[in-house]
There are 2 protein chains.
Amino acid sequence: MSIRNPKQALYEQFAIVAKALGHPLRLEMIEHLAQGARSVEALAAKLGLPVANISQHLQALRRAGIVSAERDGKFVHYSLADDSVLSAFASVRGVAERQLAEVDRIVRGYFDARDDMRPVTRDELQTLMRDGLVTLIDVRPADEFALGHVPGAINVPLGEVRAWSGSADAVKEVVAYCRGPWCVMSFEAVAALRSLGHAARRLEDGMPEWKAAGLPVEVLA
Amino acid sequence: MSIRNPKQALYEQFAIVAKALGHPLRLEMIEHLAQGARSVEALAAKLGLPVANISQHLQALRRAGIVSAERDGKFVHYSLADDSVLSAFASVRGVAERQLAEVDRIVRGYFDARDDMRPVTRDELQTLMRDGLVTLIDVRPADEFALGHVPGAINVPLGEVRAWSGSADAVKEVVAYCRGPWCVMSFEAVAALRSLGHAARRLEDGMPEWKAAGLPVEVLA
DNA sequence: CCGTCATTCAATTATTCCATTGAATGACGG
DNA sequence: CCGTCATTCAATGGAATAATTGAATGACGG
């Protein structure tokens with residue numbers, strides 16, 4: 001057993017954090033928790049996985065200081081413990097996007113087929129909204145919308161996009177957003193709208209990034 | 001075997017990157033590579049570990065797009081592949097520093113004992129240097145100093161600090177920096193100088209962060 | 001083309017991680 | 001205080017990861 005100097009001891013701690021990020025399911029859990037606090041059961045339901053499994057992963061995240069838990073009666077609500085979690089996630093994603101050929105392949109094969117246009121930036125969206133030129137839809141489930149959304153957005157969960165499009169203002173372009181930059185729902189929404197003849201684009205990123213940028217968020221009572 | 005949707009496929013890729021960061025030794029390797037490109041052998045020597053071991057870790061980092069390799073004759077020089085690597089590292093470190101009690105314990109037990117003062121910020125340092133109020137020393141080994149250092153810094157490898165202090169300007173405060181925020185060398189240098197009666201502080205962060213901040217770097221021919 | 005040297009590969013063992021299962025804990029509501 | 005329900009724990013088997021060893025590759029220098 002080698003002698004561990006303080007620097008190595010620190011690096012072991014840093015590695016615990018990074019290791020906790022090193023599992024696809026835990027990353028997905030982080031994306032969900034970035035929308036708002038969730039109970040173990042609620043998270044498990046969102047992900048369609050056994051509660052015990054999610055619970056164990058949550059504890060790995062908690063040991064790494066990535067999420068924090070708060071007991072409320074029978075429930076334990078988990079939420080992200082630190083703002084840096086999202087920036088770490090973003091940096092990791094950035095490395096993967098720029099350096100991994102496999103990511104490029106997946107994006108070309110799936111995402112580009114649904115939205116080959118440049119997404120709308122947050123700045124652009126603010127201008128377009130101010131001038132009343134677009135309809136902004138939040139295609140996440142209603143519960144996530146309630147926990148925080150872009151002011152002026154209307155909630156059209158993905159499954160209701162087709163039905164909604166009939167009553168939508170046919171003149172205005174639609175901008176859709178959901179949970180994050182690679183959240184499939186906004187891609188699907190844009191593809192569905194386009195197939196119905198609507199002009200539609202995605203917002204770059206999603207709700208957590210909007211919030212992280214310090215932009216206003218509307219919360220339902 | 002569950003059906004993998006494109007989002008999960010992407011998250012698996014992101015997890016590969018994070019997983020590659022999830023090992024203390026690989027984090028230390030990244031810190032070294034942040035000083036400049038290194039051959040496998042050189043890195044192994046810096047870390048005091050077998051070449052084959054380092055080679056395997058380098059390949060894990062390469063598969064994750066974190067480092068890139070360039071062949072030069074018999075040697076293969078590795079360097080960081082992406083600027084986001086350091087920001088991911090910094091975010092991970094930030095989470096650990098703020099959320100993990102064990103990090104706090106290590107810092108209190110070792111680092112605070114050597115430098116309980118607030119470190120000098122980069123901005124402060126620039127002012128102090130401009131006004132000629134401090135002597136800036138780079139306590140890294142000479143090879144790392146040669147690959148890039150803060151303009152105006154003089155190279156005093158840690159082992160030579162005591163000898164150097166005899167000839168140093170006794171009036172000016174000394175500011176020391178090395179590889180990064182938790183690099184032990186600058187802490188040791190400050191402790192050594194103080195025990196000799198010199199006023200000394202550390203610079204926050206180290207060379208890679210200085211460079212990442214877009215500040216000027218001097219390279220020896 | 002042969003020896004040398006940097007690097008990588010292959011095989012081994014020990015360890016850690018992961019999903020699943022079923023049981024245990026702990027808090028609420030009657 | 002008892003049943004219910006959300007969560008956690010403990011134990012299992014199977015998979016991935018890590019360090020070590022020794023052999024293989026590939027490029028240079030004579």
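Both backbone and side-chain heavy atoms feed into the values below; hydrogens, waters and symmetry mates do not. Being a predicted model, the structure only gives us computed values, none of them experimental. Within every chain, numbering begins at 1; the chains are lettered A, B, ... in the order of the sequence lines, protein sequences first and strands thereafter.
The residue among A:P50 and B:S55 whose nearest nucleotide of DNA chain C lies closer to the 5′ end is B:S55. Position along DNA chain C of the nearest nucleotide to A:L25 versus A:R71 favours A:L25 as the more 5'-ward residue.
Protein chain B contacts DNA chain D over a range whose 5' and 3' limits, counting nucleotides with an atom under 4.0 angstrom from a non-hydrogen atom, are D:dT17 to D:dC28.
Under the 4.0 Å criterion applied to side-chain N and carboxylate O atoms, A:D143 and A:R38 are assigned as salt-bridge partners.
Nucleotide C:dG22: paired with D:dC9 (Watson-Crick or G-U wobble, both distances less than 3.5 Å). Nucleotide D:dG30 forms a Watson-Crick or G-U wobble pair with C:dC1, both donor-acceptor distances falling under 3.5 Å.
Within the 4.5 Å cutoff, no side-chain heavy atoms of B:Q8 are placed close to those of A:P24. Between A:V92 and B:V92 the shortest side-chain heavy-atom distance does not fall below 4.5 Å.
Taking atom NZ of B:K19 as the reference point, atom C1' of C:dT16 lies 12 Å away to the nearest angstrom. One can place CZ of A:R63 at 12 Å from C1' of C:dT16, the figure rounded to the nearest angstrom. Rounded to an integer number of Å, the gap from CD of B:Q56 to P of C:dT12 is 15 Å. Separating the CD1 atom of A:I54 from the P atom of C:dA19 is a distance of 9 Å, rounded to the nearest angstrom.
A cation-pi contact links A:R114 to A:Y110, judged by a cut-off of 6.0 Å to the six-membered ring centre and 45° from its axis.
Closest non-hydrogen pair, A:R26 versus A:A60, comes out as NH1-CB, 4.2 Å.
Among the atoms of the strands shown, none is found under 4.0 Å from any heavy atom of A:A60. Residue A:R26 is in sugar-phosphate contact alone, with no base atom involved, counting any heavy-atom pair closer than 4.0 Å across all strands shown.
Within the 3.5 Å criterion, the main-chain N or O of A:A200 finds a donor-acceptor partner in the side chain of A:R194.
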